[in-house]
Amino acid sequence: MGAAPDPKLAAMISGAGGNPLLIVELVQGLREEGSVEISHERARLLDERIPRRVRDLAQHWLDSLSDKARQLVQVAAAVGGSFMVVEVASMLRETTASMLPALNETIASGLLICPGEQTVFQHELVRRSIADALPAAVRQALRQDVSALRRQHCLQVPMPPEFLVTGGRPAGTPVPGSTDAPAPLPAPAPLPASSQEPGIVHRLLPALLMARSTRTEPLPLGLADELRASLTAVLQAHYADVELTGTADAPLAERADRITRNTVSLFADGVQRATTRARAILATHQGRDDEADAVTATVVMSNLEWAVGNLAEGLRWGQRAVRCLGPATPPMWSPYVRLALATKLSDIGRFEEAEGLISTARTEAEALGQPHTATPSIARAMLLLQSSRLQEAQDSARAGLEVAAKTGGGWVVPVGQAVLILVALRRGDLASAADYAWRCRAAVGADSTVFPSIHFDWGECLVATAQLGARRTAELLTTTYAHLLTSPQLFVEEAAAAAWFVRLALAADDMPLASTVVTAAERFAAANPGRPTLAVAALHARGLLERDSEALRQAAREHVSPCAGALAEEDLGILLSVQEEKNGALGAAALRSALQRFVQIGSQGDIERIRAFMEEHGTPVTSAPRQGRPATAGWEALTETERSIAHLVSDGLTNRQVARRVSLSPHTVNYHLRAIFRKLGIGSRVEVARHITHSA
């Protein structure tokens, strides 16, 4: 269209989930129906109704399904963006087992996906189209049915908005130091036997302990109730098995129930409420800091301080939580308490300490069983990424995602996908990065146990920049991604984030934006003295803004992150190269040094960017260790992802089977397969196998 979309149009396009056919049909349909106006290089949405082209396409896809699968999709579309299969099965008077063939058919068709406990539509535009095709009375009746079903099965015990923190006191007794005035809970009513299973604890509690921020809304009441029942069962079993002298000041059931209520209360909506509740819990524990709720409250305090940029306090609380682990702490808590601290140490470049904690946590998680082993792998993947060990980061993230897919650890999936986004971008594989970004966002929307993370938006922002260019991305930074510009969490977790924003702003000729970022980075560093990683990040950003070669040279030396150091040296080389001619040789030397660093890291995307700049400016690269210009044909021309896919295809796997192995979508696998055919000069999967056999 030759124009940038306004926010309403951009939001509508996002409902296509990145599907090229849907996007084309949507844009063409909007133009045909006069629903979009283009003026001054801006495309403005005039009518939010879905165009006929998209509705016809959705109907075509729906008509290709069997009767039962079509009915499942229509009911699900009316219910909303996400649903549980058991809900739709109940509404259709079917068992969950009898619905599996229809569910599998809809997933194979690409209409639905199951990234976690919830099932979601792959494309919101398609869901809306299918729902709108139903009579309004039918849609309303179906929504009333599912609401009644959820009330019947999930909200058996009405939970007030506040949870009582008693610390062994009678219900309703004020807690010293607490500003909350929560109403007492009713006595817990018995739940169905199926709800007594501890499975939900595997999803929600780790998410709370590992979160870098709080929820933006309270837990759904039914989910909170289910968590309470499961936690109580876990705690009662633990306290029954372990002799804890001098701590049992209440009967076992009362003690477990009190600790459960305290723990659930920490799933608060907002920093202030969560902080108040955590402090209230800790005020009641004098000499019993190893009890489950006290340990959880300590970790929550660590996470909250870290999220707002108080790094010293965040570390202090995190270290205290690890020290608090003791006989009264159920084994399931220990690995996540250690991992919560490990990720913070990794953020500030203390990689060896973090690696030690992750190793201990992995051992503890393996003793607990497979559902718990996904998180150590994902945490280590993030550490490896921050230390610029790209291949290891990718392998660790994929291993964690594979376990999560088998065991329902949906809360950790977006974090693993975010690692894969950043690795793919470093390697210059934009297609895979965009695919991971889409998967990440789908997983965030599908699982209610996912806490907000800056990594999700950061990965999407980087993909947007690669696709749209600096000027359009700078516009997004004033709207969609404005919160990233001054985020303490991002600046500490991504060493080069501030410099990246400044580089982008300068490329878009937006000096106010560049100045805003530099000021935020410097304030954050000043608020956390003794954290050299923050100081050097702010120095890097300031050096870019003021074209200060000495500042960039110092940043290149002192960045703990190898990638950030290489980026600083690249910035130095570019600055010197475009200054007076006498600095040309110094600029070339800095660029060759940066190139060498990126070669060691294996960051092909950065390598190609530097090479392109050097060739454009006539700078020789022979002094730098070259990997040679990328081959355009033959096995050497294949990327690492393409080689992995080629081997799997040669083993006879289908695109869908390959997709599961390499954590990509079948569409992206097909994209890579076409590239493999082109580079190898072949036209079939059989020839891929022959080529690999011949090469071996």
Side-chain angles (χ1 to χ4, degrees), residues 346-351 384-390 422 425-426 428 462 490-507 514 517-518 520-522 524-525 528 530-580 582-614 616-617 619-627:
S346 178
D347 287 346
I348 58 175
R350 291 162 62 173
F351 299 130
L384 293 166
L385 177 64
Q386 290 173 320
S387 55
S388 303
R389 293 151 67 182
L390 302 185
L422 299 175
L425 287 170
R426 281 272 168 240
L462 293 178
L490 178 61
F491 287 173
V492 70
E493 293 181 27
E494 297 289 342
W500 184 88
F501 285 132
V502 173
R503 191 182 301 112
L504 179 76
L506 294 177
V517 174
V518 172
E522 289 178 337
F524 184 36
N528 289 276
R531 303 295 169 200
T533 53
L534 303 180
V536 72
L539 180 69
H540 186 175
R542 174 63 69 179
L544 271 172
L545 178 64
E546 298 186 351
R547 303 180 183 278
D548 184 340
S549 59
E550 285 306 312
L552 294 175
R553 188 174 285 108
Q554 183 180 345
R557 287 196 309 267
E558 296 182 4
H559 265 304
V560 174
S561 163
C563 272
L567 286 168
E569 193 146 33
E570 178 190 356
D571 291 330
L572 172 64
I574 292 173
L575 174 62
L576 295 176
S577 296
V578 299
Q579 283 179 346
E580 298 178 12
K582 65 179 181 179
N583 289 327
L586 294 175
L591 287 170
R592 283 193 288 267
S593 178
L595 184 61
Q596 181 179 5
R597 290 191 185 196
F598 284 128
V599 168
Q600 292 171 344
I601 293 168
S603 186
Q604 191 63 33
D606 296 302
I607 292 169
E608 293 310 311
R609 183 182 62 252
I610 295 178
R611 287 197 186 283
F613 178 87
M614 295 177 78
E616 181 183 347
H617 289 77
T619 304
V621 296
T622 53
S623 298
R626 290 182 67 103
Q627 292 181 328

Should Glu608 and Gln604 be marked as a side chain to side chain donor-acceptor pair (under 3.5 Å) after you check the CA-CA gap, both sets of side-chain angles, and the distance that decides it? CA-CA 6 Å; Glu608 293 310 311; Gln604 191 63 33; 2.7 Å; yes

With a 3.5 Å distance limit and no angle check, can you tell me whether Ser603 reaches the backbone of Phe598 through a side-chain donor-acceptor pair? no

Gly349 backbone acceptor or donor facing Gln386 side chain under 3.5 Å: no

Please find the pair of heavy atoms, one from Glu494 and one from Leu422, that lie closest to each other, and give the distance. OE2-CD1, 3.6 Å

Which heavy-atom pair separates Ala514 from Leu545 by the least distance, and what is that distance? CB-CD1, 3.8 Å

Between His559 and His540, what is the ring plane arrangement, given parallel below 30°, perpendicular above 60°, and tilted in between? perpendicular

Where Ala590 and Gly573 come nearest, the two heavy atoms and their spacing: CB-CA, 3.6 Å

When every non-hydrogen atom of Ala496 is compared with those of Ala564, the smallest separation belongs to CB-CB, 4.0 Å

Check each of Glu569, Glu570, Arg592 against Ile610 using the side-chain contact (heavy atoms from CB on, under 4.5 Å) test, and report the only one that passes. Glu570

When rounded to the nearest 0.5 Å, the distance separating OG of Ser388 from CD of Gln600 is 11.0 Å

What distance do Met614 atom CE and Ile574 atom CD1 have between them, rounded to the nearest 0.5 Å? 10.5 Å

Could you check whether any side-chain N or O of Arg542 sits under 3.5 Å from a backbone N or O of Ala551, counting only pairs where one atom can act as donor and the other as acceptor? no

Report the distance from atom CZ of Arg389 to atom CD1 of Ile601, rounding to the nearest 0.5 Å. 12.5 Å

From CG (Asp571) to CG (Asp548), nearest 0.5 Å: 12.5 Å

Within the structure provided, determine whether Leu534 and Val492 are in side-chain contact (heavy-atom separation under 4.5 Å). yes

Heavy-atom closest pair (Val536 atom, Thr533 atom, distance to 0.1 Å) is CG1-O, 3.3 Å

Test log, rule side chain to side chain contact (heavy atoms under 4.5 Å, CB included), inputs Leu576 and Arg553: CA-CA 11 Å; Leu576 295 176; Arg553 188 174 285 108; 3.9 Å; yes

Can you tell me how far CG of Leu567 sits from CG of Leu572, rounded to the nearest 0.5 angstrom? 12.5 Å

Which heavy atom of Ser577 sits nearest a heavy atom of Ala588, and at what distance? OG-N, 4.1 Å

Hey, does Asn528 have a side-chain heavy atom less than 4.5 Å from the side chain of Phe491? no

Atom pair CZ/CG of Phe613 and Leu595 - distance to nearest 0.5 Å: 13.0 Å

